[in-house]
Q: 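First the structure, which I've put down as structure tokens, then a few questions once you've had a look.
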Number of protein chains: 4
Amino acid sequence: MTNTQVTLIQIDNYGPWTTTPEPRREVDLQTLQSRLFADVAQLVGTIDGYAFFGRFDNMVAVTNGLDAADHIRIQESLGNRYPVTVSMSLEANSSPVQALGIASRRLQDTGSAQDSTRREVLQGDPATSRSDDDVQIAHFDVNDATGKYTDRLNEFDTFIHIEQGYAELMRYLREAHESLAFFVGGDNVIAVCSEMDASAYQDTITHVRDTVDVDLKVGVGRARTAQTAGMTAKHELERCRDSGSAVELGWQ
Amino acid sequence: MTNTQVTLIQIDNYGPWTTTPEPRREVDLQTLQSRLFADVAQLVGTIDGYAFFGRFDNMVAVTNGLDAADHIRIQESLGNRYPVTVSMSLEANSSPVQALGIASRRLQDTGSAQDSTRREVLQGDPATSRSDDDVQIAHFDVNDATGKYTDRLNEFDTFIHIEQGYAELMRYLREAHESLAFFVGGDNVIAVCSEMDASAYQDTITHVRDTVDVDLKVGVGRARTAQTAGMTAKHELERCRDSGSAVELGWQ
Amino acid sequence: MTNTQVTLIQIDNYGPWTTTPEPRREVDLQTLQSRLFADVAQLVGTIDGYAFFGRFDNMVAVTNGLDAADHIRIQESLGNRYPVTVSMSLEANSSPVQALGIASRRLQDTGSAQDSTRREVLQGDPATSRSDDDVQIAHFDVNDATGKYTDRLNEFDTFIHIEQGYAELMRYLREAHESLAFFVGGDNVIAVCSEMDASAYQDTITHVRDTVDVDLKVGVGRARTAQTAGMTAKHELERCRDSGSAVELGWQ
Amino acid sequence: MTNTQVTLIQIDNYGPWTTTPEPRREVDLQTLQSRLFADVAQLVGTIDGYAFFGRFDNMVAVTNGLDAADHIRIQESLGNRYPVTVSMSLEANSSPVQALGIASRRLQDTGSAQDSTRREVLQGDPATSRSDDDVQIAHFDVNDATGKYTDRLNEFDTFIHIEQGYAELMRYLREAHESLAFFVGGDNVIAVCSEMDASAYQDTITHVRDTVDVDLKVGVGRARTAQTAGMTAKHELERCRDSGSAVELGWQ
């Protein structure tokens, strides 16, 4: 039974900051956002969590194993090194969608993302009990993306194909399976899942193929932390590559 | 008449590298990708260009003003600081889509993105003539995204709304207007455009609203470089915010 | 009784790499070195250790609380993100100088710093027993450095004054008190100390004043980890500033 | 005849910031300082300048070729990405020591380094005339540092030897030859020189050997920019390694 601890990380009052007093150079904003995410990924990842860039001003992390002190330290570390601060809200739930929903509401209750007086809020409590199947991570990629797209199409058309596959995957996993999917670069998507079984993944892959004609495969892992579950998922995805199978689960 | 110089930046043999000899930790890949992009943004931006992360392993930059030596220096700088190398291909054309298409083909002709012997290739030639309307940049955002989505919905559902608006926008601009649109974080999309006029932008905004019910506004700038055109676009977008208009052009 | 765990971190075969096949741009080397150190500081610091840049190609860290797996993960993380790799050797001893001496010899025994076949070596074992006075950190600064130097002298002459004070301090602490001192920026020096008492610090400050006419003050902390001891030292240094005293110890 | 443009880069009110309201974690300060320097090195280096970390809160750069707009952009770029701002003062002179002296005074005249109201000051004017021997860069290293020190001594004792050689070199070049020397990592020192000839370098090397028993060699380059002069110096230093000579000049 999954019990995913999800943390919403939101840059405080970011929109107004980017245009006050004058719009700031896009190159500096892009650098700030991508480096801040890289630091979040490192700070969360060093304690075996996973972070996803999402919209960059709103990031989502899987933080099983991180307690309140770990979250405070991340806020402090970012506040000491960037011109912006972050607020965080966390919740653990068998449904990642529910967890993020509760965490989002809690943060919204403390004020708007564009409220200049709401800074470095921390809401929610870490999971009280932990087990070896708390986190289920699925690592998807597109079959032969390089041969079918990257090496043949205009890079933007390749990008559109990958993006369509991702968009349909994220929507379907959220609606049908209570799971959160994030694009992580190249032709890769990582999903933080509810307790899905092989048929649920096969159903998802079939839906994406039938809807937008993009062929996916997936490796899945379960563990106490996102890092361990995610590494298992990567190895299972390698097994898909070797065997030609579409779905491989690490616990079977 | 636009004459956009587009550079495709591709990490050499990246897919195989991420899983050889064993899959590498996702946290390290996320950090590598986002920092490498940040450095590309800085290296291109210091010479007034714009870079977009795209798929991270394939980035697209608007490089009017950067010559071959500037490109070689970026390759050298990245090669000196990262465990991976990049290949680049550039082309200038009145249609950004055509420019990227030609640049993509040229790079594909030198070998596969997963060919371990194809390293630090540089293809294509910089624009020979330059003028003050070479680059047209449009900066879109979602009307009241914070009030309608961020402060009210589950962050993932907000993300899905923003993503749907972006997906429809990128596809429509590419099909109907020969333009390339990139998500740049938050609720912002920056498009590198062909010579579009006010009615073309209004048509695009209407199409996105009618298709996926996402309300956009846009500020547009024209200049010799992406940096100047993009900064004008930001100021025009502020004028939309102040006046409530949907489209503002910097040259009218 | 102190029991400092010291880790020597050495970039493998770095000298030859910087000039092969041709000398690399200094700007890229400076960026590589300072970012690699910043990552070491973060990776060590997230687990409550302290890292010092030293010569940049050879860094020294206080790693009480980091086990072999933590060290391996740092090597892996750097290897995944930089074009160079690092070897490490650690040792715990009541004398920081002895600890670094043993760690240095162990690493030297595995091959030269410029041996191209010696990569990602890890030598030595973490401290087996731990206590709340394992680590003693002293934080020195120069009295009124801004008023006496920065705001009055040529910056280079200020730099020479600070450097002379540091040079004498590092040599004296090493010879007379088995302690390792590192410049950390501005007018600050942090020392990893053997079990020194108030008179030993007073003696050191007097020696530096008499020898190179630089006035120092120092705050000192003791704890299980460098982070906690170092933070106490900072608070004690604030007490020096407030009270005008030259030496403040956190445990009295 | 050299005409070195030197820029003093000072973090505004940095000391107080590091301890307000409470002392900040050393790990975050070390990360902030080294990354801010890395960005300065990149921003200056992309326009062919050299930057040296100095005391980190006060950095020195050789900026021949950078005009006022380039300096303003560096201030803006740092201000957009860090929680601190920087002030700058520049001056060109045949003597690097004089240039830095005038630049230092000009900045001091605008307020203290710890004046909270003095932010993002820019003082001084770029060199009006430029020639191909404006910048003379000398690249020193220690003969067989790896064999004699790194592979044989306690790393801290190696560090002390290197540091003593550097300290004597920086003091002597400043007093006897109006030149500024900076440690750049490993066993390397880069000096920004007045118009010194071969005998002046030989005299310096002899002085350092006689005074602190550290054997140096040096390659020297002259050019319009620091980047070109510095790269020539590196190649000349390689010639010293190959030929066993102590001094090699790029213009002979």
Side-chain angles (χ1 to χ4, degrees), chain A residues 8 14-15 19 23 25-31 33-35 37-38 41-42 44-46 50-51 53-58 60 97 100-101 104 108 112-114 146 150-160 162-164 167 170-171 174 180 184-187 190 227 230-231 234-235 238, chain B residues 8 14-15 19 23 25-31 33-35 37-38 41-42 44-46 50-51 53-58 60 97 100-101 104 108 112-114 146 150-160 162-164 167 170-171 174 180 184-187 190 227 230-231 234-235 238:
Chain A
L8 171 61
Y14 184 58
T19 57
R25 283 179 192 271
E26 192 61 32
V27 54
D28 292 337
L29 299 180
Q30 291 302 308
T31 307
Q33 292 171 6
S34 49
R35 287 189 180 168
F37 164 66
Q42 283 291 311
V44 169
T46 304
Y50 261 28
F53 52 80
R55 296 191 289 148
F56 286 99
D57 60 350
N58 285 268
V60 173
V97 171
L100 184 56
S104 298
Q108 288 155 357
S112 168
Q114 298 194 356
T146 302
T150 310
D151 289 348
R152 281 173 47 196
L153 302 182
N154 172 329
E155 172 55 25
F156 199 76
D157 293 335
T158 297
F159 186 35
I160 288 175
I162 300 291
E163 194 280 330
Q164 280 179 310
M170 79 187 278
R171 282 192 287 268
R174 185 257 182 277
L180 304 171
V184 294
D187 62 330
I190 292 178
Q227 159 60 28
M231 189 54 76
K234 286 169 177 279
H235 283 286
E238 291 303 293
Chain B
L8 170 60
Y14 185 58
T19 57
R25 282 179 194 271
E26 193 61 31
V27 55
D28 291 337
L29 299 181
Q30 291 301 309
T31 307
Q33 292 172 181
S34 49
R35 287 189 179 168
F37 164 66
Q42 283 291 312
V44 168
T46 304
Y50 260 29
F53 51 80
R55 296 192 288 149
F56 287 98
D57 59 350
N58 284 268
V60 174
V97 170
L100 183 56
S104 299
Q108 289 155 358
S112 168
Q114 297 193 356
T146 302
T150 309
D151 289 347
R152 282 172 47 194
L153 302 182
N154 171 327
E155 172 55 26
F156 200 76
D157 294 335
T158 296
F159 186 36
I160 287 175
I162 301 292
E163 193 280 332
Q164 280 179 310
M170 78 188 280
R171 283 191 287 267
R174 185 257 183 276
L180 304 171
V184 294
D187 63 329
I190 293 179
Q227 159 59 28
M231 189 52 77
K234 286 170 177 279
H235 282 286
E238 291 302 293

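Everything quoted here is computed from the prediction, not taken from an experiment. Each chain gets a letter, A, B and so on, in the order the sequences are listed, and its residues count up from 1.
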Q: So, taking the atom named CG in B/L180 and the one named CZ in A/F159, what distance separates them when rounded to the nearest 0.5 Å?
A: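 Reported value, rounded in 0.5 Å steps: 10.5 Å.
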Q: Looking at B/I162, B/D57, B/V60, B/L100, which one has more heavy-atom pairs under 4.5 Å with chain A than the rest?
A: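 Heavy-atom pair counts peak at B/L100.
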Q: Which atoms of B/L29 are under 4.5 Å from chain A, going by heavy atoms: the side chain, the backbone, both sets, or neither?
A: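 Answer is side chain: those atoms of B/L29 sit under 4.5 Å from chain A.
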Q: Quick one: what part of A/S112 sits under 4.5 Å from any heavy atom of chain B, side chain, backbone, both or neither?
A: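 Backbone plus side chain of A/S112, per the 4.5 Å heavy-atom cut-off to chain B.
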Q: Side chain, backbone, both or neither: which part of B/I160 has an atom under 4.5 Å from a heavy atom of chain A?
A: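 Both parts, backbone and side chain.
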Q: Tell me if a side-chain donor or acceptor on A/Q108 pairs with a main-chain N or O of B/N154 at a distance below 3.5 Å.
A: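 Here the side-chain-to-backbone pair does not exist.
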Q: What distance do B/T158 atom OG1 and A/R55 atom CZ have between them, rounded to the nearest 0.5 Å?
A: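 Taking OG1 in B/T158 and CZ in A/R55, the distance rounds to 5.5 Å.
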Q: Please flag which part of B/V44 lies under 4.5 Å from any non-hydrogen atom of chain A: side chain, backbone, both or neither.
A: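 No part of it gets close to chain A.
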Q: Relative to chain A, which segment of B/T150 carries a heavy atom at a distance below 4.5 Å: side chain, backbone, both, or neither?
A: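 Answer is both: backbone and side chain atoms of B/T150 are under 4.5 Å from chain A.
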Q: How far apart are the closest heavy atoms of B/S34 and A/A38, and which atoms are they?
A: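 Reported closest heavy-atom pair: OG-CB, 3.4 Å.
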Q: Would you mind telling me which of B/I190, B/D151, B/V97 has the largest number of heavy-atom pairs within less than 4.5 Å of chain A?
A: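 Between B/I190, B/D151, B/V97, the count favours B/D151.
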Q: We want to know whether A/T31 and B/Q42 form a side-chain donor-acceptor pair, criterion being a heavy-atom distance below 3.5 angstrom.
A: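 There is such a pair between these side chains.
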Q: Does any heavy atom of chain A fall under 4.5 Å from the side chain of B/R25, the backbone, both, or neither of them?
A: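 Both parts, backbone and side chain.
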Q: Tell me, for B/S104 versus chain A, whether the close heavy atoms (under 4.5 Å) come from the side chain, the backbone, both or neither.
A: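 Contact with chain A involves the side chain of B/S104 alone.
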Q: With rounding to the nearest 0.5 Å, note down the distance linking CD in A/Q30 to OH in B/Y50.
A: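 Nearest 0.5 Å value for the CD-OH distance: 8.5 Å.
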Q: Quick check, are the ring centers of B/F37 and A/F37 under 6.0 angstrom apart?
A: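 No; A/F37 has its ring centre 6.0 Å or more from that of B/F37.
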Q: Would you give the length of the straight line joining atom NZ of A/K234 to atom CD of B/E26, rounded to the nearest 0.5 angstrom?
A: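 Going from NZ on A/K234 over to CD on B/E26, the span is 4.0 Å.
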Q: Relative to chain A, which segment of B/M231 carries a heavy atom at a distance below 4.5 Å: side chain, backbone, both, or neither?
A: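 Contact with chain A involves the side chain of B/M231 alone.
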Q: Over all heavy atoms of both residues, which pair between A/A167 and B/E163 is shortest? Give the atoms and the distance, please.
A: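 What the structure gives for the nearest pair is CB-OE2, 3.4 Å.
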Q: Check whether any side-chain heavy atom of A/R174 sits under 4.5 Å from a side-chain heavy atom of B/D157, and report yes or no.
A: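 Sidechains of B/D157 and A/R174: in contact.
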Q: Looking at A/G54, A/A51, A/G186, which makes the most heavy-atom pairs under 4.5 Å with chain B?
A: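 Sorted descending by pairs with chain B, the first entry is A/G186.
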Q: By a 4.5 Å heavy-atom criterion (distance strictly below it), what part of B/Y14 contacts chain A: side chain, backbone, both, or neither?
A: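 Answer is neither: B/Y14 stays 4.5 Å or more from chain A.
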Q: Using every non-hydrogen atom in the two residues, find where B/T146 and A/A113 come nearest and quote the distance to one decimal.
A: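 Heavy atoms only, the tightest pair is CG2-CB, 4.3 Å.
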Q: Rounded to the nearest 0.5 Å, how far does CG of A/L8 lie from CD of B/E155?
A: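 Reported to 0.5 Å precision, the distance equals 5.5 Å.
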